[in-house]
Amino acid sequence: MTFATLDDAELQGRRALVRVDFNVPMADGEVSDDTRLRAAVPTIEKLRAGGAKVVLLAHFDRPKGKFVPAMSLAPIAPALAKVLGHPVAFAPDCVGKDAAEAVAALKPGDVLLLENVRFYPGEESNDAAFARALAENGDLYVNDAFSAAHRAHASTEGLAHLLPAYAGEQMRLELTALDKALGRPERPVLGIVGGSKVSSKLDLLRNLVTKLDKLAIGGGMANTFLYAQGHDVGASYCEKEMAETAREIIRLAGQNNCKLFLPLDIVVAEKMAPGAPARIRSLGAVDEHERILDAGPETVERLNRAMDNSKTLIWNGPLGVFEMPPFDKGTVGAAHHAAELAKAGKLVAVAGGGDTVAALNHAGCAEDFTFVSTAGGAFLEWMEGKELPGVAALSKQNKR
Ligand code: ADP
Ligand code: MG
């Protein structure tokens with residue numbers, strides 16, 4: 001897809017309405033993880049350098065269309081000022097008189113954060129009048145919130161039709177990386193899908209088998225596939241009612257020439273607890289009291305060789321219960337290998353998903369991946385092959 005970026009925009013003296021994702025974790029009224037604030041810095045800096053007046057739009061939590069003081073964005077302004085090294089003004093409303101006055105006071109290079117857009121019901125309903133009220137405060141629109149792009153809301157979608165629309169730097173980075181991983185990947189392309197449930201990742205699996213050359217299935221969902229193939233999974237987590245669906249995915253993979261890798265060996269324990277005594281088992285050799293909690297060494301070894309023979313890796317979902325060592329071994333082993341190959345320039349390695357990001361951080365190798373998406377829901381919908389409304393609205397072909 002093609003979209004306009006800030007390199008295409010006339011910025012000097014213009015009011016840039018920038019949708020960012022500042023839905024950050026808070027503890028005791030303070031930002032406890034500023035990752036998302038830091039992600040917005042390149043776009044803000046680029047706009048400031050070009051002489052734009054930067055007006056930030058964001059949501060926080062789920063106020064459901066009402067002013068909820070506890071969900072104010074006010075504490076974000078000083079936190080952003082700190083990471084930016086530049087003052088950030090705050091307006092107690094995102095539309096109307098308060099917003100207009102604060103925007104009117106801006107000089108080129110200034111930064112202003114407007115109050116939570118979800119204080120108005122028109123945000124989530126993508127109400128045309130609310131989008132127009134937001135648009136009053138901008139000459140151009142920049143969307144830098146890929147993580148909110150799976151929602152067609154006024155500030156993520158509606159605005160793109162009312163003002164000249166551009167992808168911000170973080171949005172551009174994310175879209176470029178995702179396109180490299182699944183849109184137009186260098187082949188062979190290998191996928192790893194793990195995590196707990198087949199049922200939550202059905203659409204994702206169905207889409208991936210049509211796009212990938214190889215797909216490794218791990219985590220709790222692999223148990224369902226093993227069960228579907230007639231292997232005993234003991235007391236493991238397993239969605240038995242999904243067995244037919246698992247067989248359907250196996251068939252679909254075959255029809256699409258996608259080579260499926262199911263576990264060769266597994267790590268079991270009698271209890272799902274940190275430090276529980278772990279044993280390596282071959283398939284079918286699981287006792288009735290045992291639970292499969294990780295991929296075995298042979299499985300990881302074969303997966304690592306598959307990475308050696310691939311040009312691109314796309315990864316969602318841990319291979320085991322990585323939160324409870326020693327059941328992090330499979331995930332950590334594969335993560336290190338992918339990171340090494342990526343660092344050496346031999347593999348484009350892209351990963352995403354809430355727990356996957358946590359697992360890669362746990363393994364200490366997220367920085368060596370080509371790209372790690374922190375977008376959560378938007379990343380998963382993209383892996384499902386769905387069109388993201390916020391991204392589609394930026395597309396040059398879709399301009400009304
Ligand atoms: P993501 O958030 O990256 O999309 P998921 O939420 O699908 O990933 O899955 C992560 C969860 O899957 C983790 O909490 C992990 O403990 C769990 N999991 C992985 N392997 C197993 C297993 N064999 N049995 C039970 N749970 C597992
Ligand atoms: Mg998760």
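Whatever order the structure lists them in is the order used to number ligands and atoms, beginning at 1.
Numbered from 1 in the order shown, with element, the atoms of ligand 1 that lie under 4.0 Å from a heavy atom of Thr356 read 1 (P), 3 (O). For ligand 1, the atoms sitting less than 4.0 Å from at least one non-hydrogen atom of Ser196 are 7 (O), 9 (O), 12 (O), numbered in the order shown with element in parentheses. Under a 4.0 Å criterion applied to the non-hydrogen atoms of Gly219, ligand 1 contributes the atoms 19 (C), 20 (N), 21 (C), 23 (N). The atoms of ligand 1 that sit less than 4.0 Å from any heavy atom of Leu293 are 23 (N). Each of the atoms 1 (P), 3 (O), 4 (O) of ligand 1 lies under 4.0 Å from some heavy atom of Asn316. Listed by atom number, the atoms of ligand 1 under 4.0 Å from Ile292 heavy atoms are 22 (C), 23 (N), 24 (N).
When hydrophobic side chains of Ile, Leu, Val, Met, Phe, Trp and Tyr are connected at separations under 4.5 Å, Ile192 ends up clustered with Leu190, Phe261, Leu303, Met307, Leu313, Trp315, Leu319, Leu341, Leu347, Val357, Leu360, Phe369, Val372.
His86 and Asp110 form no side-chain donor-acceptor contact under 3.5 Å, judged by distance and modelled atom types alone. There is no side-chain donor-acceptor pair under 3.5 Å between Asp144 and Tyr166. With 3.5 Å as the limit, one finds no donor-acceptor pair spanning the side chains of Asp265 and Ser282. A donor and an acceptor atom, one from each side chain of Ser199 and Glu239, are located under 3.5 Å apart.
By heavy-atom distance, the residue among Ser200, Ala295, Gly353, Gly220 lying nearest atom 21 (C) of ligand 1 is Gly220. Evaluated by nearest non-hydrogen atom to atom 18 (N) of ligand 1, the leading choice among Gly320, Pro318, Ala222 is Gly320.
Taking the Mg ion (ligand 2) as reference, Asp355 places its N/O/S atom OD2 nearest.
Residue contacts with ligand 1 for Glu323 involve side-chain atoms from C-beta outward but no N, CA, C or O (heavy atoms, distance under 4.0 Å). At a heavy-atom cutoff of 4.0 Å, ligand 1 is contacted by the side chain of Lys201 but not by its backbone.
Atom CE of Met383 sits about 8.5 Å away from atom CG of Asn207, to the nearest 0.5 Å.
Between Lys346 and Asp308 there is no salt bridge, since no side-chain nitrogen of the basic residue lies less than 4.0 Å from a carboxylate oxygen of the acidic one. With respect to Glu340 and Lys343, no salt bridge is recorded, no charged nitrogen being found less than 4.0 Å from a carboxylate O.
For atom 25 (C) of ligand 1, the closest non-hydrogen atom on the protein side is Val321 CG2, 3.9 Å. When hydrogens are left out, the protein atom nearest atom 9 (O) of ligand 1 is Gly195 CA, 3.1 Å; that is the closest non-hydrogen contact. The single protein non-hydrogen atom nearest to atom 1 (P) of ligand 1 is Asp355 N, 3.6 Å, given as residue, atom name and distance.
When the side chain to side chain donor-acceptor pair (under 3.5 Å) test is applied to Asp368, no partner is found at least two apart in sequence or on another chain.
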